[in-house]
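Notes follow the structure.
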There are 2 protein chains.
Amino acid sequence: METIGQILRNKRQNLGLLLRQVSAYLDIDQAILSKIERNERKPTKEMLEKLAEILKLDKDELLIQFISDKIAYEIADEDCASKVLKVAEKKIKYLKSNPIPKLT
Amino acid sequence: METIGQILRNKRQNLGLLLRQVSAYLDIDQAILSKIERNERKPTKEMLEKLAEILKLDKDELLIQFISDKIAYEIADEDCASKVLKVAEKKIKYLKSNPIPKLT
DNA sequence: ACTATATTTGACACTTATTGTCAAGTAACA
DNA sequence: TGTTACTTGACAATAAGTGTCAAATATAGT
C-alpha cells in the first residue's frame, strides 16, 4: 500500500527526474516537494495536476490517492472507521442527489 | 438523511430542552451550540460526549455521524467520491495492521 | 401591539494550522 | 575535497478555527 508521497517519489525517480526539475515545473520550492514526497506536507490540487502532467500519472487516480490518504489518516485511529465510511457513502449519495447545503 | 446538526436539534427539542440549558451543561456559549445545530460549526469530541449524555444519544453512533458528515462534505463535490472511499477503506485496513506512520 | 423568552447573526479578538522562503545541514560519490 | 541531490528546521506571513458578546430576529402568550 503506497502513500501518495511514495507514488510521486517512485515515479519521479523512475523517470530520472530531480526534485529541482519537478519543483521548477510546479513553480514551488524544492523543499516543499521533498516534504510532499515524504508525506510531511500535502500538495494542493494545482500541484497534483502539474505532478500528474510531468510524471505522466493519471490525474484522477492521483487525486483519488490523495484524498483517500487524507481520509485514511484522519480516521484510521477510530475503531469505528469502517462504519464511518459506510455512513459517509450514504451521505454522499444523498448529497449528490440533492441541493448541497453550505459547509462549515 | 440527517446531518449531525439536525440529529442534535431534533433530539434536543424532543426532550424539551433549550439551547441555554444544553449549552450550560456543555459549558459553552449558546451561540456556539446554535451554530453546531445548523452545521455552521463543528463540535469538539468533548462536546459530542457531553451532548450524547444530556441528549441520551449513543456516544459511538454520534461520533460516527460526526466523522462521516465531515468526510461527506469533504469529498461530496468530487466525482470520484465513491472510488475514494473504497481506496480509503483499503488504506485504513492496511494502517490498522501495521505500525502507524506519522501524520502531517 | 406588548412583553418575554428563544434563537440567530455578525463583529471582534485570540489562538492554532498551514503556507512558502530560505539557509544550513546531511549523504553519496567522483 | 568538491559537487550534486536531497533534507531539515527556523522564520514570517497568511489562513482557518475558536469563544465571547451584544444586537437582531423570531416565536409564543396576553
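Remember, predicted model here, so these are calculated numbers, not experimental data.
Between the P atom of C:dT7 and the CD1 atom of B:Ile28 lies a distance of 13 Å, rounded to the nearest Å. The distance between atom CD of B:Glu46 and atom C1' of D:dG19, rounded to the nearest whole Å, is 14 Å. Here D:dG19 presents its P atom at 13 Å from NZ of B:Lys42, a figure rounded to the nearest Å. Spacing between atom CG of A:Asn10 and atom P of D:dC6 amounts to 13 Å, rounded to whole angstrom units. Rounded to whole Å, the distance from CG on A:Leu17 to P on D:dT4 is 18 Å. Atom CG in B:Asp27 sits about 11 Å away from atom P in D:dG19, given to the nearest Å. Protein atom CG of A:Asn39 is 15 Å distant from nucleotide atom C1' of D:dT7, rounded to whole Å.
Checked against side-chain hydrogen bond (donor to acceptor under 3.5 Å, both in side chains), A:Gln30 has no partners two or more places apart in sequence or in another chain. B:Ala31 pairs by the side chain to side chain contact (heavy atoms under 4.5 Å, CB included) definition with B:Asp29, not counting sequence neighbours. For A:Glu61, the side-chain hydrogen bond (donor to acceptor under 3.5 Å, both in side chains) criterion is met by A:Gln65, B:Lys83, not counting sequence neighbours. For A:Lys45, the side-chain hydrogen bond (donor to acceptor under 3.5 Å, both in side chains) criterion is met by B:Glu78, not counting sequence neighbours. Listed by chain and number, the residues in a side-chain hydrogen bond (donor to acceptor under 3.5 Å, both in side chains) with A:Glu49 amount to none (sequence neighbours excluded).
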Using Watson-Crick and G-U wobble pairs whose two distances are both under 3.5 Å, how do you write the pairing of DNA chain D as dot-bracket, with | for links to another strand? ||||||||||||||||||||||||||||||
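Among residue pairs with one or both ends in residues 3-16 of chain B, those qualifying as salt bridge (charged side-chain N to carboxylate O under 4.0 Å, His left out) are B:Arg9-B:Glu37, B:Arg12-B:Glu37; sequence neighbours excluded. Under the side chain to side chain donor-acceptor pair (under 3.5 Å) criterion, the residue pairs touching residues 13-27 of chain A are A:Tyr25-A:Glu53, with sequence neighbours excluded.
A continuous path of hydrophobic side-chain contacts links B:Met47 to B:Leu19 [ILVMFWY only; heavy atoms under 4.5 Å]. Hydrophobic clustering, with ILVMFWY side chains joined whenever heavy atoms are under 4.5 angstrom apart, groups B:Val84 together with A:Ile75.
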Contacts under 3.5 Å, N or O only, protein and nucleotides 26-30 of chain C:
none

Polar atom pairs (N or O), protein with nucleotides 3-5 of chain C, under 3.5 Å:
none

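Two residues are said to be in side-chain contact when any heavy atoms from C-beta on lie closer than 4.5 Å; B:Leu8 and B:Leu57 meet this criterion. Using a 4.5 Å cut-off on side-chain heavy atoms (C-beta onward), A:Leu55 and A:Leu62 make no contact. In this structure, A:Ile71 and A:Leu85 have side chains that are in contact, with non-hydrogen atoms separated by less than 4.5 Å.
With A:Glu89 contributing its side chain and A:Lys86 its backbone, the two residues share no donor-acceptor pair below 3.5 Å.
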Contact state string [nucleotides 23-30 of chain D, B base, S sugar-phosphate only, - no protein heavy atom under 4.0 Å]: --------
B/S/- along nucleotides 8-16 of chain C (protein heavy atoms under 4.0 Å) is SBB------
Begin with the C-alpha distance, continue with both residues' side-chain angles, and end with the deciding distance and a verdict on side chain to side chain contact (heavy atoms under 4.5 Å, CB included) for B:Lys42 and B:Phe66. CA-CA 8 Å; B:Lys42 280 178 265 182; B:Phe66 171 58; 4.1 Å; yes
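Distance check: A:Leu48 CG to A:Ile67 CD1 gives 8.5 Å after rounding to the nearest 0.5 Å.
Here the shortest heavy-atom pairing between B:Ala88 and A:Ala72 reads O-CB, 4.1 Å.
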